[in-house]
Protein chains: 2
Amino acid sequence: MMTTADHRKGPRRRGDALVNAILAATIDELREHGYAALTMDAVAERAGASKASLYRRWDCRAALVMDAVYQLAPLPYEIPDTGGLRGDLLAALRQTAATLQGPAGAALRGMLAEALPELDRVRQLRARSRGRNRDIMAEVLRRAVERGEIPPAAVVPTRLEVGAALLRNHYLFHNEPLDDGLLTDVVDDILLPLFGTVPQRSA
Amino acid sequence: MMTTADHRKGPRRRGDALVNAILAATIDELREHGYAALTMDAVAERAGASKASLYRRWDCRAALVMDAVYQLAPLPYEIPDTGGLRGDLLAALRQTAATLQGPAGAALRGMLAEALPELDRVRQLRARSRGRNRDIMAEVLRRAVERGEIPPAAVVPTRLEVGAALLRNHYLFHNEPLDDGLLTDVVDDILLPLFGTVPQRSA
DNA sequence: GTGCTAGAGTACTGGCAGTTCTCCAAGGAG
DNA sequence: CTCCTTGGAGAACTGCCAGTACTCTAGCAC
């Protein structure tokens, strides 16, 4: 009491309006500062919300970030169909590259760092993003087999992740843009030659 | 003065003895708790040193961890030579897998998380570890070309990192042991078929 | 011995995660 | 409209840890 005028004034958001503002603020912070430097205070202030509101909905920083990233890209399985394997592969890699270069990439870094104490969360992250990549790749290859571009035996599970793994590797290690030159190199030097052959079980 | 008996007693280590104790303590902490949960206080206490001694030598946590990890594996370029490409590739992948599964892997996770504010450090990390992998792979392939096992044109830069990238991907994402079954799959399903072909530049 | 260097111990600052409290909008029930 | 419940804003607080600063002293050179 005394002189402390209470300046808690409206308007006050609720429900989805509030949630969306918080998620948007999270994405912005992620984009600007990365995961390691993202603070709950900053998100709250940016969203014009209170920390208590954040913690009522998400039990920790990681959970908030994962939700924010995930709802950013709920793409309903857009599997490219360019009429040829090379075009399909390039389109698929471009999708993966775009995702990595956005806030999802920054989140990925952070999530991996906390992997030891938070194995479950990594499992979720994997199920969400990696699964989609594999599915897209499998479909692209199925079509190529159908068109007679590659032998059916060329499609084995181990190979499905090669493209995405190389992009992740490049992004996480080199920390450089995943430009189209890199993507075409991966397709022409690696994926096309690889899927033109069948695995050998030699000694 | 007064009753406060000063229990700061020797023996007191200096120079290399101290440095090595600190680095060893860092590795142990890394192994037990991972990077995110590694604290300077814990390292200092475990090493029987003071935090001031740590900060006199390393300017931050990341620098300490990097030094500890690096001095752990200063392997003087042991390039496997089993007499055949398949054996060489397997041996090379086993080396990479062993490194990743040790404390270096835990450190890797952490370093990636802090990549945005610490680009230089990532660059160092890359130069140290990735460079060696590439060199080993290049040598293994050079020998295979010499023996006539693969065509010279099969060896292009983009391909050199495929094996290591796949292992890193598996380790970071799946967080499961890199067992020999995985390694042979990578060699038989991917690397051998890949290096049996030359890149195509199609349209 | 004297003096210098450098390590041990420890107390401190400052920032952030996560908690808890109070006060008060928003919105529905009557 | 008023009453009441829900839940948001603000802010104070705990606890942890990075990094700093200062004191005292062991080890070493001379």
Side-chain angles (χ1 to χ4, degrees), chain A residues 1-23 25-26 29-30 32-66 68 110-111 113-114 117-118 121, chain B residues 1-26 29-30 33-66 68 110-111 113-114 117-118 121:
Chain A
M1 29 195 81
M2 298 294 291
T3 55
T4 55
D6 209 321
H7 45 71
R8 304 165 202 192
K9 51 182 188 302
R12 200 178 274 180
R13 295 156 304 178
R14 302 204 158 204
D16 286 354
L18 182 59
V19 171
N20 290 335
I22 293 173
L23 292 177
T26 306
E29 286 291 319
L30 208 49
E32 283 178 27
H33 308 296
Y35 179 87
L38 178 146
T39 74
M40 294 298 261
D41 291 83
V43 170
E45 193 187 358
R46 184 168 211 144
S50 77
K51 275 208 293 179
S53 299
L54 271 63
Y55 282 104
R56 183 168 302 121
R57 293 160 210 275
W58 298 276
D59 54 4
C60 69
R61 198 171 63 122
L64 168 62
V65 171
M66 262 199 41
M111 295 289 139
E114 294 181 7
E118 307 202 43
R121 225 173 285 285
Chain B
M1 31 194 80
M2 299 294 289
T3 54
T4 56
D6 209 321
H7 45 74
R8 305 167 203 192
K9 52 185 189 299
R12 199 178 275 180
R13 295 154 305 178
R14 302 204 159 204
D16 286 353
L18 183 59
V19 171
N20 291 335
I22 293 173
L23 292 178
T26 306
E29 286 291 320
L30 207 50
H33 308 297
Y35 179 87
L38 178 147
T39 74
M40 295 298 263
D41 292 81
V43 171
E45 193 188 357
R46 183 167 213 145
S50 75
K51 274 207 296 178
S53 299
L54 271 62
Y55 282 104
R56 183 168 304 118
R57 292 161 210 273
W58 297 277
D59 54 4
C60 68
R61 197 170 64 122
L64 168 62
V65 171
M66 262 200 41
M111 295 289 139
E114 295 182 7
E118 306 202 42
R121 223 173 286 285

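A quick note: this is a predicted structure, and the numbers were derived from the prediction, not measured. Each chain gets a letter, A, B and so on, in the order the sequences are listed, and its residues count up from 1.
- When the P atom of C:dG18 is taken as reference, atom CG of A:Leu64 falls 10 Å away, rounded to whole Å.
- Remark: A:Ser53 is in phosphate contact with D:dA9, judged by side-chain N or O atoms under 4.0 Å from OP1 or OP2.
- Taking side-chain N and O atoms only, A:Arg13 has a distance below 4.0 Å to OP1 or OP2 of D:dA9.
- Side-chain proximity of B:Met40 to the nucleotides C:dA8, C:dC16, D:dA18 is greatest for D:dA18.
- With values rounded to the nearest 0.5 angstrom, A:Met66 atom CE is found 14.0 Å from A:Arg61 atom CZ.
- Atom NZ in B:Lys51 sits roughly 18 Å away from atom C1' in C:dA6 (whole-Å rounding).
- The CZ-C1' distance, from B:Arg57 to C:dT5, rounds to 12 Å in whole Å.
- A salt bridge between A:Lys51 and A:Glu45 is absent, with no side-chain N of the basic residue lying under 4.0 Å from a carboxylate O of the acidic one.
- Here the side chain of A:Thr26 pairs a donor or acceptor atom with the backbone of A:Ile22 at under 3.5 angstrom.
- Across the protein-nucleic acid pair, B:Tyr35 atom OH and D:dA18 atom P stand 9 Å apart, rounded to whole Å.
- For A:Leu18 and D:dT6, the CG to C1' distance is 13 Å, given to the nearest whole Å.
- If you take CH2 of A:Trp58 and C1' of D:dG8, they are 13 Å apart, rounded to a whole angstrom.
- C:dA17 atom P lies 6 Å from atom CZ of A:Arg61, rounded to whole Å.
- Relative to the side chain of A:Tyr55, the nucleotides C:dG18, D:dA18, D:dA9 differ in distance, and C:dG18 lies closest.
- If you check every strand for non-hydrogen atoms under 4.0 Å, A:Ala49 touches sugar and phosphate atoms only.
- The side chain of B:Thr39 places no N or O atom within less than 4.0 Å of a non-bridging phosphate oxygen (OP1 or OP2) of D:dC16.
- For the pair A:Asp41 CG and C:dT19 C1', the computed distance is 13 Å after rounding to whole Å.
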Derivation and outcome, side chain to side chain contact (heavy atoms under 4.5 Å, CB included), residues A:Leu54 and A:Met40: CA-CA 8 Å; A:Leu54 271 63; A:Met40 294 298 261; 4.0 Å; yes
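- Contact annotation: B:Arg56 does not reach the phosphate of C:dA6 (side-chain N/O to OP1 or OP2, under 4.0 Å).
- At C:dG27, none of the side-chain N or O atoms of A:Arg14 fall inside 4.0 Å of OP1 or OP2 (strictly under the cut-off).
- The shortest non-hydrogen separation linking A:Arg13 to A:Ala21 is NH1-CB, 3.3 Å.
- B:Leu38 comes within 4.0 angstrom of the backbone, heavy atoms only, and of no base.
- Residue contacts shown for B:Ile22 are absent, as no nucleic acid heavy atom lies under 4.0 Å away.
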